[in-house]
Amino acid sequence: MPELPEVELVRRALEPVLAGVRFDTVLLRRKNLRIPFPRRFAERLTGQTVTALTRRAKYLLATLSSGETLLIHLGMTGGFRVEHARISGGYRSEDASDDEKHDHVVFTMSSGAVVTFNDARRFGLMDLVARNGLAAHKAVSKLGPEPLSADFDAAALTRACHKRSVPLKLALLDQTVVAGVGNIYASEALWLARLSPRRRAATIATPTGRPRPAAAHLAAAVTEVLDQAIARRGPRFRVYDREGGPCLRRGCGGTIRRIVQGARSTFYCPRCQK
DNA sequence: ATTGAGACCTGTCGGC
DNA sequence: TGCCGACAGGTCTCAA
């Protein structure tokens, strides 16, 4: 489920549970997710306090008292459940949670909170990064600008796109162009900017690499769809998954189409997105 | 260096 | 009901 807004919402929900709190026990129920857990993962985490919970692109970053960072990616289906330790004699109700068979990591915190990571498809990952090692970490070292920071604007987008022949939609999904946009928000941002997902990325720049108006429209649209999704606590599908439905732009009258780009679905209105 | 295809893994949904 | 293919909000790797 998670693109940048969803990860940010997870971060906000988890922050009060983890920040300032210690890992009392760490239970690994398997030895890998998308990649193996690092050596002695549980031992290295146990006893440490989380000093901050931040986010970079779609990664959650828990800074630890040792200066190390616990890096977490939710993949497609990853998520956390927060419960509280029960006094012995308690029982678990059957319907309290879905598939415990996909509960892969269980953190018991010094507060009594029990934080469980569940991930059916196991496209998620956890890693432990040495103090000062984060910037060089493979997962984050090549990420482009944070779309909700001042680093991201029409100029940054233009620089990243002006020599690229890929379709605009695929450029938005490229995490080195802008970090955190995924398949839903890429379609949504292009719709908002009235730009065709099939258009070459380089066409938002002039031949000399200056931003065209489309670059500013697209940068603003990316920011807006992400901001709105966070504020509304979830995406609003104005084109995504609306194949065959009417374009919601006032006065357009077009019909939403689904195409496949890079083996993933793209939704757009051929009538108003140029 | 860039690009597209395939791989990774499980679940769900629609059609026959 | 059961089976089968298509599809799912993400990355990574490989070959051209």
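Sequence lines set the chain letters: A, B, ... in the order given, protein chains first and strands last, and positions in each chain run from 1.
Heavy atoms of A:A263 sit nowhere under 4.0 angstrom from any nucleic acid atom. At the heavy-atom level, A:K142 lies nowhere under 4.0 Å from the strands shown. Using a 4.0 Å heavy-atom criterion, one finds that A:K163 contacts no nucleic acid atom at all. Here A:L170 lies in heavy-atom contact (under 4.0 Å) with sugar-phosphate atoms only. When heavy atoms are screened at a 4.0 angstrom cut-off, A:G262 is found touching no nucleic acid atom at all. Looking at heavy-atom distances under 4.0 Å, A:R164 makes contact with sugar-phosphate atoms alone, never a base.
The closest donor-acceptor contact from the side chain of A:S187 to the backbone of A:F267 lies under 3.5 Å. Remark: side-chain polar atoms of A:N32 are not paired, donor with acceptor, to backbone N or O of A:I35 under 3.5 angstrom. At least one donor-acceptor pair under 3.5 Å links the side chain of A:E3 to the backbone N or O of A:G182. One N or O on the side chain of A:E188 and one on the backbone of A:R238 form a donor-acceptor pair closer than 3.5 Å.
OP1 or OP2 of C:dC12 lies within a sub-4.0 Å distance of a side-chain N or O belonging to A:R34. Checking the phosphate oxygens (OP1, OP2) of B:dC9, no side-chain nitrogen or oxygen of A:H102 falls inside 4.0 Å. In terms of phosphate contacts, A:Q175 brings no side-chain nitrogen or oxygen within less than 4.0 Å of OP1 or OP2 of C:dG10. Contact annotation: A:H73 does not reach the phosphate of C:dG10 (side-chain N/O to OP1 or OP2, under 4.0 Å). Listed pair A:T77 / B:dG11 fails the phosphate criterion, with no side-chain N or O lying under 4.0 Å from OP1 or OP2. Proximity of A:R264 to the phosphate of C:dG10: a side-chain N or O atom is located under 4.0 Å from OP1 or OP2. For A:R258, a side-chain nitrogen or oxygen approaches OP1 or OP2 of C:dC7 to under 4.0 Å.
Between A:K138 and A:F123, the residue anchored closer to the 5' end of DNA chain C is A:F123, taking for each the nucleotide with the nearest heavy atom.
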Dot-bracket assigned to DNA chain C with the 3.5 Å Watson-Crick/G-U criterion, [ ] for crossing and | for other-strand pairs, is .|||||||.|||||||
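The nearest pair of heavy atoms linking A:W191 to A:L248 is CZ2-C, 3.9 Å.
Taking atom P on both B:dC9 and C:dC14, the two are 15 Å apart, rounded to the nearest angstrom.
Taking 3.5 Å as the limit, the base of B:dC9 and the side chain of A:R121 contain a donor-acceptor pair of atoms between them.
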